[in-house]
There are 2 protein chains.
Amino acid sequence: MTTRSTELLRVVHRSPGVTRADAARLLGVGTGAATELVTKLSRAELLIQGPAAPSGARGRPTTVLLPHPDGPLVLAVAITHETWRVEAVQLGGTCAAEVEGRHAGAAWPQVRSAVRGAIGELRRQYGPRLRATGVSVPGTVSRDLRLDAVGAGWHDVDLTTLCPDTDVFVAGNDATLAATAESRRGAATDASVALHLRIESGLGGAVVEDGRPVIGARGAAGEFGHMPFGDPAVRCPCGARGCWGIAVDGQALARLLDEPAPLDSFSYARRVLASAARSAEPELSAVRTVAATLGRGIAGLVNGLDADLVTLGGLGADLLAAVPAEIGAAYRDGLMSIHRESPPPIVPAALGDHGPIAGAAEEAWSALLPRLA
Amino acid sequence: MTTRSTELLRVVHRSPGVTRADAARLLGVGTGAATELVTKLSRAELLIQGPAAPSGARGRPTTVLLPHPDGPLVLAVAITHETWRVEAVQLGGTCAAEVEGRHAGAAWPQVRSAVRGAIGELRRQYGPRLRATGVSVPGTVSRDLRLDAVGAGWHDVDLTTLCPDTDVFVAGNDATLAATAESRRGAATDASVALHLRIESGLGGAVVEDGRPVIGARGAAGEFGHMPFGDPAVRCPCGARGCWGIAVDGQALARLLDEPAPLDSFSYARRVLASAARSAEPELSAVRTVAATLGRGIAGLVNGLDADLVTLGGLGADLLAAVPAEIGAAYRDGLMSIHRESPPPIVPAALGDHGPIAGAAEEAWSALLPRLA
DNA sequence: ACAATAAGCTCTGAGCAAGAGCAAAAGAAG
DNA sequence: CTTCTTTTGCTCTTGCTCAGAGCTTATTGT
C-alpha cells in the first residue's frame, strides 16, 4: 500500500529487533505516524512488538519490532551442481524450516521434481504463508528467468516452473546472490561498493553498490573469470582466451603440477592446499603462482571498479587463508597508486556456502516487501 | 513536494515536447491528476503548454509540455586539461547560454578564477534562475567532491568553491559523465547496460545501468585503462603493470613506431591514423595492433560486465572509423560463447566532445528535480 | 449536421502524513 | 517518598494527494 509501511518493514528486515523509536527516527517520521504504522502492520500479522530492552537511560521504555511468528515466509532455493536445498525464511532472514538433498549431476527434470517435492512439503506445512520464491542457480539467468548452466548441462531451462504458486518469483546466479548476501548480512555490510569473488568450478562474482548488485544486461554480469588477465595462449572452454578463471582454479593447479585434469576441481584444489600447508613442493609453488594470479586480477578489478572491499568465497577463501602474503603482494603491486595508500581490504566471505541461498532469500524478500504493506 | 510532480518533470526533461496525454500515460495517472499537476507546475513557472502537434488522428487535440522559458537553469561546467566551458542549461537539456575559454594547463587557482568569472557573468544575466551546478573534470572526484587530476597536477582540490551559491552541486569524472550523457541522450538510450569508453589522455569510461552510472566507492570507477589487459612487462605511470590504457593510446602508437613519446598524445595519434588511412606502413600495422588490443579488452569487459552496448569516444571513435574490422575481429575472438550469438554492438559515441558537459548538466538536473516540485 | 473519438475539466471521497497536545513510564534529585 | 526531567507512545485535527465518475471540449469522418 504505502511507501512508509514498506520502508518500516525493510528496516525491520535489515535489523530485526530494532527499537520502535529508532525505526521511527530512521524513517524520519514522528511518533504519531510510527504508532499508526506499527498498529497497521501488527494487525496485518507482519510485525509484533517484543518486550523492551532495558536501556538504562531515562525516559519511557520503548519496544522492539520483530517479525510476526505467523507472518509471511519466502522460499529460498539453492541448486548447485551436486545438491539442492530449500528453506522457508521469515522477515529478518531467519530460517524457519529447511529441506535438502543430493542429485549428483542429474538432468534438469529430475532436479526440478526433487525441488518441487520439497517445496510441496513446505507448502503443506506453511500453506499460504509462503508468498515469494528466490532461486540460486550455478549459471546465467536471463531477464526472463531462463537458466543456462554450462557445467551442469542445463540449457534454456524455465526456472519459473520450479514454483508456479507464488506470485513473486526471482532467480539469479549463485555468485551474484552470494555477493548480495555478503553486502547485506555478511562481511561487506559497511562497504559502499563491494566486490565479491567466488571460486568454485570457475570464478564468478559480482559488484554490489549500496546493496544492489550490478546485474548486467542479460543477468550475466560478474563473469569476471572470463576477463583476460591470464595467459593469452590458454584457450578457455568459454571460447575466449587468457581467461582469468581458468588460471586460479583446481584445473590451473593441476596444469602447474603436470597432473591430469581432476574431475572434482574444488576438492582436488583443497587437497593441493593441504599439501602446500605442509610446505610440500611442488604444491606450494603452484599455490603461490595461483595466488599471485588471483591477487593481480583482483587489483585490476579494484582499479576498474573502485570497490572499497573485496570478499572471497569458495576456494578463494581457502587460498586467502593459506597464502595471504602472496595474494596481498600481487594485489598491492597491481593497484593504481591512488588506491595504494589504503588498499581496499580482501577478506573471506562471512557466509560461506550459505551465501547463495541467503542471497536468494534476500532478493525474494526485497521483491515481496513492496507488495505486503 | 510530491513524487508525481517530480516524475512529470523527469518525463519532460527526458523528452521535452512530450504530449500531455502521453505524459499522463507514462505516469499512470488519470486525466484529472494530469490537469492538477500541469496546472501546478505551470503556475510554478516550470512548464508551459505549447500548441498541439497536429496528429491527424481523431479526438480532441492535446498539448505538448515544454520547459518554461523563464524556468530554472542549471550551470554545467566542463574543465579539460586545456580548456573550460560553462553552459546554462534548461529543462530538457537545451543550452541557453555558454561561455568558454582556454587555460592551457594553468594551475588550479587560475582555472577556478576563470570559471568563477564566467559563472558570475551568467549569474548577472540569469540571477536566481540558476539553481544547480554540475561539473565535469578530468580526474577522480571523491564523494566529498574533491578532485585529483594527476595529468593536470591538480591535487585534493575542493570543487565546491567553483560555485558556492547554488545549493545543489554535483561533480564527476569526464568519462563517467560522458557515459551518463550517452545513455540518456546519446547512442546508448536503448541499452539497459551500456559501457562507454573514452580514449583521450589515457582510457576512461563507465558502466551505466538503467541510466545510473556505477560510480565506485571513491568516485574512481571506470578507470578501465588500468585493468591489466596489456603487456605485464610495461609499467604504467599509475604504478601498476600491464595497464590496458597505455597500450591503446598515442603513446602506444609511438612505442610501436619507435618514435619518441609525443607531448600531445591525442593529436599525434590522429596524425598516425591519417597516415594509416593512406595505407602507409608501418603506421597501418601499428594502428592494427592497437585496434586488436582495444577489441580484446572490450571483449573482456563485456564478458565481465555483461553490457549490451559499447560506445567509444575520443580516439576510440577514430580507431573504430579507421579499422573497424580489426577491432571487431579481436572483439569477437575475446567474447565468451554466450555473447557470440549476438555480440553487443560497438558504436561511436553520438555526443562527441560535448559528452562530458552534457553529462554534467544531466546529473545537475537529476539532483535538482526532486527539489523543484 | 451528426456520430465517433480522444482529451481535458470539475467535483467528491478515501487515505495518508505531519504536527500539536496530552498521557505514560522510567530515572534523577531532593 | 515525592517531584521533576526525559523519552516515548497515543489521539485528534488539518491539509494534501490521488483516483474515479461524469461532463465538456475539440477534432475527424460520414
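Just so we're on the same page: letters track the sequence lines, and every chain starts at 1. For the numbers below, each heavy atom of this structure counts, side chains included, while hydrogens, waters and symmetry mates do not.
Straight-line distance from the CZ atom of A:Arg60 to the P atom of C:dA23: 13 Å, rounded to whole Å. Across the protein-nucleic acid pair, B:Glu36 atom CD and C:dG13 atom C1' stand 14 Å apart, rounded to whole Å. The distance from atom CD of A:Gln49 to atom C1' of D:dT8 is 12 Å, rounded to the nearest whole Å. Atom CG of B:Leu27 is separated from atom C1' of D:dC18 by 12 Å (rounded to the nearest Å). A straight line from CG of B:Leu65 to P of C:dA7 spans 13 Å, rounded to a whole angstrom. Between the CG atom of A:Leu37 and the P atom of C:dA17 there is a distance of 7 Å, rounded to whole Å. For the pair A:Arg4 CZ and D:dT17 P, the computed distance is 15 Å after rounding to whole Å. To the nearest angstrom, P of D:dT8 lies 8 Å from CG of A:Asp22.
Nearer the 5' end of DNA chain D, as judged by each residue's closest nucleotide, is the contact made by A:Arg58, out of A:Arg58 and A:Thr39. Residue order along DNA chain D, read from the 5' end via each residue's closest nucleotide, puts A:Pro61 first among A:Pro61 and B:Ala33.
A salt bridge links A:Glu7 with A:Arg4: the distance from a Lys NZ or Arg NE/NH1/NH2 to an Asp or Glu carboxylate oxygen falls below 4.0 Å.
Side-chain proximity of A:Thr31 to D:dC10, D:dT8, C:dA17: nearest is D:dC10. With distances taken from any side-chain atom of B:Thr35 to the nucleotides C:dC9, D:dT8, C:dA6, the minimum falls on C:dC9.
Within the 4.5 Å cutoff, the side chain of B:Arg184 has heavy atoms near those of the B:Ser366 side chain.
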Take A:Gln90 and A:His68, measure what side-chain hydrogen bond (donor to acceptor under 3.5 Å, both in side chains) needs, and give me the verdict at the end. CA-CA 9 Å; A:Gln90 59 182 356; A:His68 196 287; over 6 Å; no
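With B:Leu46 as the fixed residue, the side chain to side chain contact (heavy atoms under 4.5 Å, CB included) test singles out one of B:Leu91, B:Leu41, B:Leu65, B:Val12: B:Leu41. Here the rule is side-chain hydrogen bond (donor to acceptor under 3.5 Å, both in side chains) with B:Thr133, and of B:Thr160, B:Thr166, B:Asp167 only B:Thr166 fits it.
Distances shorter than 4.0 Å separate some side-chain N or O of B:Arg20 from OP1 or OP2 on C:dG8.
Base contact: B:Gly32 has a heavy atom under 4.0 Å from a base atom.
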